[in-house]
Amino acid sequence: MKILIIFLIIIILLLSIFTNVNYINNKFTRTIITWPLIITLGIIFGWRPLEDFTDTYNYTVFFYNYKNHTLLNALEVTPMEKGYTTFQWIISQYTNSYSIFLFLVFILSILLIVLCYRKIFFENYLFAMFAFIFSPLFDGLYGNIIRTGIAFGFFMLGSIYIFQHKKIRGSLLLLISSTFHITLLPFTIVLILINIKKYGFIFYIVIWFISSILFLTKSQLKLLPILTKLDKIDYYAGATAFQSYGNSGMRLDFFLFNLFLIVILFIGNKYIFEFKNEIINYYLKLTLIASIVFHFLGFIAFSDRVALYVWHFFLVTFLVMVIEINKKYIIILPLYLLFSILIGIAFKSYIFFH
């Protein structure tokens, strides 16, 4: 298994040197690499010990219990969103193997991301997937908080359909994403109700600045007291959640890191692309919107589950920049992928030894 992974890594790195050569970087080549990579990773993520993955372990407990419930009973007793519960229940009726369950969760999640990346990066989607796989986000989304991983897959696919003006299809996928994880509901509402391409960056920057002040002064609840009335938020703002999280909330480190990422994107967009690339502008605005949502929900425990949306939108935006620059300087993409590998290995090593 490890030999196959290493082999695929080497092939992808070699392919990245010839991104503009059609008879090398073609549909057939991408397909015969993508599917073995997905299946292999699916097996690794499916047949793994659960002791170090608290969220995943909890999901499997519910998965086993649903075997003896009707769907209506499962929907009544679950503390989780209805879409995810229905998905779990359907699988539980055919197998009681948690490994098969995790494998199917992984396959669905990744296929959604692949479909999305194919619409964003076109013939270079494999390289974008490769960079994503080696990012710290990947292990969290598909190794532990798998419910968020599926939800975000639906959301990302819906977001690109919205960009392509396929609003009905996009809206449906966005709504489905919220039934898998409620944290995506604010983004869903914004994308369905507002044409984010219509408004310039100044509009989003002003809102970002105001929300930043609210976050730093801990004034979100004074402006929007309704937030504490929501069941999910009330739980995650409670003492039990904070005890489990091991942090007091109000993650200033996340705020500063998000700001750093946004500044990088604005610098690159202004001085390299001059704000003329529509897909970069679109996902940069989504990065800003995600950061604004974090400012309003950053007081809850597990606020990293909200901040990770900022990080993934950043990654997508940055990858589009890298691939566009690579069209002129063909060494950029291989160097970036190599850097991604080193970051991925360092992160996985840190997690393993700590």
Side-chain angles (χ1 to χ4, degrees), residues 1-19 24-53 55-57 59-60 63 87 91 94-95 97-118 120-121 123-154 156-157 312 315-316 319 333-334 336-352:
M1 193 73 70
K2 291 181 180 179
I3 294 175
L4 177 59
I5 291 291
I6 293 171
F7 173 74
L8 291 171
I9 289 173
I10 294 172
I11 293 297
I12 293 171
L13 282 174
L14 290 174
L15 276 178
S16 67
I17 300 173
F18 302 101
T19 53
I24 295 179
N25 181 21
N26 54 51
K27 184 177 180 179
F28 174 76
T29 305
R30 292 191 294 270
T31 301
I32 63 173
I33 294 175
T34 300
W35 280 105
L37 183 62
I38 290 175
I39 297 300
T40 302
L41 289 173
I43 293 171
I44 292 173
F45 276 80
W47 280 263
R48 59 187 167 92
L50 299 176
E51 290 78 10
D52 297 329
F53 301 93
D55 287 49
T56 300
Y57 176 79
Y59 296 146
T60 58
F63 168 71
F87 175 72
I91 298 176
Y94 294 95
T95 179
S97 168
Y98 83 83
S99 294
I100 294 177
F101 165 67
L102 294 178
F103 174 79
L104 292 175
V105 167
F106 181 87
I107 294 299
L108 174 60
S109 304
I110 291 300
L111 285 180
L112 290 168
I113 292 294
V114 169
L115 290 172
C116 171
Y117 277 19
R118 286 176 65 175
I120 297 175
F121 301 101
E123 69 276 3
N124 293 312
Y125 75 88
L126 179 60
F127 308 118
M129 280 298 304
F130 185 76
F132 176 47
I133 287 169
F134 275 94
S135 73
L137 288 173
F138 188 81
D139 288 335
L141 282 171
Y142 307 116
N144 190 31
I145 51 174
I146 56 177
R147 179 164 53 108
T148 307
I150 300 178
F152 198 61
F154 280 113
M156 284 300 296
L157 187 56
H312 191 267
L315 179 62
V316 170
L319 281 170
L333 182 59
Y336 177 74
L337 294 180
L338 187 60
F339 176 75
S340 298
I341 293 173
L342 296 176
I343 291 295
I345 292 173
F347 176 78
K348 289 170 176 59
S349 298
Y350 175 82
I351 295 297
F352 179 80

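For the single chain, residues carry numbers from 1 onward in sequence order. Source: prediction; values computed, not measured.
You'll find the side chain of I341 stays beyond 4.5 Å of the side chain of L337, heavy atoms only. The shortest side-chain heavy-atom distance between L41 and F138 falls under the 4.5 Å cut-off. Using a 4.5 Å heavy-atom cutoff, the side chains of I107 and I39 are in contact. For the pair V316 and I120, the minimum side-chain heavy-atom distance is below 4.5 Å.
Here OG1 of T56 is found 4.5 Å from CD1 of I146. Values are rounded to the nearest 0.5 Å. One distance of note links CZ of F45 with CG of L102; it measures 10.5 Å at 0.5 Å rounding. Distance check: S109 OG to I38 CD1 gives 11.0 Å after rounding to the nearest 0.5 Å. The distance from the SG atom of C116 to the CZ atom of F154 is 13.0 Å, given to the nearest 0.5 Å. Going from atom CG of L157 over to atom CZ of F152 covers 12.0 Å, rounded to the nearest 0.5 Å. Within the model, atoms CD1 of I91 and OH of Y98 stand 15.0 Å from one another, a figure rounded to the nearest 0.5 Å.
The shortest non-hydrogen separation linking I343 to P136 is CG2-CD, 4.4 Å. Between S135 and L315 the shortest heavy-atom distance is OG-CD2, 4.1 Å. Of all heavy-atom pairs spanning A131 and Y336, the tightest one is CB-CE2, 3.8 Å. Closest of all the heavy-atom pairs between G149 and Y142 is CA-CE2, 3.8 Å. F132 and L137 get closest at one heavy-atom pair: CE1-CB, 4.1 Å. The two residues L112 and I150 make their nearest non-hydrogen contact at CD1-O, 3.9 Å.
Remark: side-chain polar atoms of R30 are not paired, donor with acceptor, to backbone N or O of Y125 under 3.5 angstrom. Judged by distance alone, with hydrogens and angles left aside, the side-chain atoms of T40 form no donor-acceptor pair with the main-chain N or O of L37 at under 3.5 Å. Put simply, the side chain of T34 never gets that close to the backbone of L126: no donor and acceptor are under 3.5 Å apart.
Partners of Y117 under the side-chain hydrogen bond (donor to acceptor under 3.5 Å, both in side chains) rule, at least two apart in sequence or in another chain, are H312. The side-chain hydrogen bond (donor to acceptor under 3.5 Å, both in side chains) search around T148 returns H181, not counting sequence neighbours. Residues satisfying the side-chain hydrogen bond (donor to acceptor under 3.5 Å, both in side chains) criterion with Y59, sequence neighbours excluded, are R147.
Within 6.0 Å of atom CH2 in W35, 12 or fewer heavy atoms from other residues, nucleotides or ligands are found, so the atom counts as exposed in its surroundings.
A distance below 6.0 Å separates the ring centres of F130 and F134. The distance between the ring centers of F101 and F63 falls below 6.0 angstrom.
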Derivation and outcome, side-chain contact (heavy atoms from CB on, under 4.5 Å), residues F106 and I44: CA-CA 10 Å; F106 181 87; I44 292 173; over 6 Å; no

